[in-house]
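For reference, the structure discussed in these notes is given below.
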Amino acid sequence: MKILLLVSSMHAGGAERVAATLVNAWTDRGDTVTLVPTYSSKGTCFYPLSDAVNLVWLADRAGTRGSGPLAAWQRLRTLRALIREQAPDVVVSFLTNVNVAAILATRGLDVPLIVCERTNPVVERSTGKIWRALRRLFYPRADMVTVQAEDTVEPFACQVPGIKQLKVIPNPLPPELLQAPLVDAQAAVPRKRLLAMGRFAPAKQFDLLVDVYAELADEFPDWDLWIWGEGPGRDDLQARIAAAGLQDRVQLPGRTGEPWDELAKGQAFVLSSAVEGFPNVLLEAMALGLACVAFDCPSGPREMTRDGQDAVLVPAGDRAQLRAGLQRVLGDPDLRRDLGARAAESVRRRYALPAVLAEWDTLFDAVRGKA
């Protein structure tokens with residue numbers, strides 16, 4: 001097949017990581033793949049790509065790095081010309097703004113288009129009213145719309161009526177994780193690490209996590225909290241840590257290009273988010289055999305943990321329950337071992353790259369009339 005995948009950028013991020021994993025896998029099996037980051041300022045490629053992937057920066061083709069209406073129009077015209085030139089069997093696009101552009105750029109070209117939401121579009125609000133209105137207007141014109149979790153399907157169908165095909169496609173585990181050794185939950189280490197990872201933004205609720213950890217710090221003096229990531233909330237988070245007197249116990253080491261290596265250094269993982277689409281970091285922590293505690297937020301954690309069979313799942317936003325869940329996991333090495341082993345077996349089977357690629361092939365067949 002000839003596959004063209006559109007994504008806003010190739011910076012560090014969940015959608016970008018999935019894009020890299022998919023295009024590498026498709027080229028490895030013999031597909032012809034073009035990856036097009038549409039970001040107006042171009043940027044760089046954070047994740048490694050196969051030499052076989054045809055990487056085309058739309059900003060280079062458009063000859064503009066601006067962000068005004070004229071520059072946006074020029075990029076849209078350039079994108080349409082690129083799609084004509086490539087003549088792909090299918091176009092896949094990630095993220096709302098790119099999805100809308102892809103729908104406009106493919107009109108009348110008779111090229112099947114699958115647009116993909118990479119968060120939970122029902123509850124996520126950072127998209128803005130204009131983009132939500134455009135989504136409602138244009139998504140029914142795509143051949144298929146995908147979301148990342150079953151819980152999202154029904155409410156999104158009500159929010160955006162008229163979608164031709166609305167399907168669920170999960171994120172795949174990167175192949176490296178299927179062979180990675182499991183974390184040794186029983187290993188003797190001088191300091192244990194409770195890990196969290198994500199953008200320092202309100203939806204991740206790391207401020208809440210620091211407050212809950214502060215209540216447990218004295219009870220578990222050999223446990224430190226490490227929060228990997230970066231973002232606009234760093235200063236406020238550092239101030240909160242200092243106010244609690246936890247500068248030596250809570251680490252904010254920044255963004256990492258080797259998230260799995262850092263996860264493998266931990267003994268437990270916590271997801272404190274108010275909302276997710278399909279949290280890659282939770283999936284990867286589970287795949288490495290880390291015992292996980294997660295808010296049952298919309299959407300993703302419930303499906304990924306099989307209704308809490310493979311992790312401690314607590315009511316979304318409930319500080320007391322999060323504290324109790326962490327207390328159980330930090331204080332019980334046998335529970336950590338059992339949860340981690342069960343989680344790794346489950347997600348490595350359900351979200352292995354070959355299994356997810358087979359689901360993508362089913363979607364491709366459906367939009368190409370081969371189902």
Side-chain angles (χ1 to χ4, degrees), residues 1-8 14-15 18-19 22-23 26 31-36 38 75-77 79-84 86-125 127-172 277-278 298-300 303 355-371:
M1 288 183 63
K2 291 183 68 176
I3 303 168
L4 192 150
L5 193 149
L6 310 175
V7 66
S8 178
V18 172
L22 289 175
V23 297
W26 286 327
D31 293 323
T32 300
V33 182
T34 299
L35 175 64
V36 183
T38 65
R75 285 195 302 278
L76 184 62
R77 291 182 61 203
L79 178 59
R80 184 174 175 85
L82 177 62
I83 294 169
R84 283 181 181 274
Q86 293 287 322
D89 295 312
V90 65
V91 175
V92 178
S93 67
F94 281 8
L95 304 168
T96 302
N97 59 332
V98 183
N99 293 341
V100 170
I103 292 166
L104 292 171
T106 55
R107 288 204 68 187
L109 296 187
D110 196 28
V111 177
L113 171 63
I114 301 174
V115 302
C116 307
E117 284 292 330
R118 308 308 303 173
T119 63
N120 183 334
V122 177
V123 297
E124 195 267 339
R125 287 294 175 262
T127 304
K129 292 182 179 180
I130 293 176
W131 284 112
R132 291 199 296 275
L134 292 172
R135 190 161 56 196
R136 186 181 178 92
L137 176 64
F138 287 109
Y139 275 24
R141 303 182 186 184
D143 296 287
M144 180 179 290
V145 178
T146 75
V147 292
Q148 295 176 290
E150 291 288 350
D151 287 346
T152 309
V153 172
E154 186 175 346
F156 192 52
C158 294
Q159 190 181 85
V160 185
I163 291 175
K164 295 174 186 176
Q165 300 184 73
L166 181 56
K167 302 293 185 181
V168 175
I169 188 77
N171 292 345
F278 190 91
S299 58
E303 279 180 42
V356 176
L357 289 178
E359 294 188 44
W360 272 105
D361 286 340
T362 299
L363 302 188
F364 292 156
D365 286 346
V367 297
R368 299 173 69 204
K370 296 185 176 183

Residues at least two apart in sequence or cross-chain that pass ring-ring contact (aromatic ring centres under 6.0 Å, His included) with F278, listed by chain then number, are Y351
Please list, one pair per line, the donor and acceptor atoms closer than 3.5 Å that link side chains of residues 143-151 to other protein atoms, with sequence neighbours excluded.
| from | atom 1 | to | atom 2 | distance (Å) |
| --- | --- | --- | --- | --- |
| D143 | OD2 | L113 | N | 2.8 |
| Q148 | NE2 | N171 | OD1 | 3.1 |

I need the minimum non-hydrogen distance between L79 and A101, along with the two atoms involved.
CD2-O, 4.2 Å
Less than 4.0 Å between a side-chain N and a carboxylate O, is that true for K167 and E359?
no
Angle class for the F364/W26 ring planes (parallel below 30°, perpendicular above 60°, tilted otherwise)?
tilted
The criterion is side-chain contact (heavy atoms from CB on, under 4.5 Å); which residues satisfy it with R84, sequence neighbours excluded?
R80, L109
CZ of R135 to CD1 of I163: how many Å apart, nearest 0.5 Å?
9.0 Å
Working to the nearest 0.5 angstrom, can you tell me the gap between L137 CG and R132 CZ?
15.0 Å
Heavy-atom distance under 4.5 Å between the side chains of V115 and I103, does that happen here?
yes
What pairs with T34 under side chain to side chain donor-acceptor pair (under 3.5 Å), at least two apart in sequence or on another chain?
N54, Q86
Out of the candidates I3, T106, I83, L82, only one should pair with P88 under the side chain to side chain contact (heavy atoms under 4.5 Å, CB included) rule; please name it.
I83
pair T362-D365: side-chain heavy atoms closer than 4.5 Å
no
Check whether any side-chain heavy atom of L357 sits under 4.5 Å from a side-chain heavy atom of L22, and report yes or no.
yes
Kindly indicate whether the side chain of V92, heavy atoms from C-beta on, has any atom under 4.5 Å from the side chain of L4.
no
Do L76 and L104 have side chains that approach each other closer than 4.5 Å (heavy atoms only, starting at C-beta)?
yes
Please list, chain by chain and in numerical order, all residues satisfying side-chain contact (heavy atoms from CB on, under 4.5 Å) with D89, sequence neighbours excluded.
M1, K2, R368
How many angstroms lie between atom CG of L95 and atom CZ of R118, to the nearest 0.5 angstrom?
7.5 Å
So, using side chain to side chain donor-acceptor pair (under 3.5 Å) as the criterion, who are the partners of S93 when residues are at least two apart?
N99
Taking C-beta and beyond as the side chain, do V18 and F94 meet within less than 4.5 Å on heavy atoms?
yes
Within 6.0 angstrom of Q165 CD, more than 12 heavy atoms from elsewhere:
yes
Minimal non-hydrogen separation, C158 against P161, with atom names
O-CD, 3.7 Å
Polar contact flag, side-chain donor to acceptor under 3.5 angstrom, Y139-Q159:
no
If you apply the rule side chain to side chain contact (heavy atoms under 4.5 Å, CB included), what do you find for V7 with T38, and how did you get there?
CA-CA 6 Å; V7 66; T38 65; over 6 Å; no
Is there a side-chain contact between V36 and L5 in this structure, where contact means two heavy atoms from C-beta onward sitting under 4.5 Å apart?
no
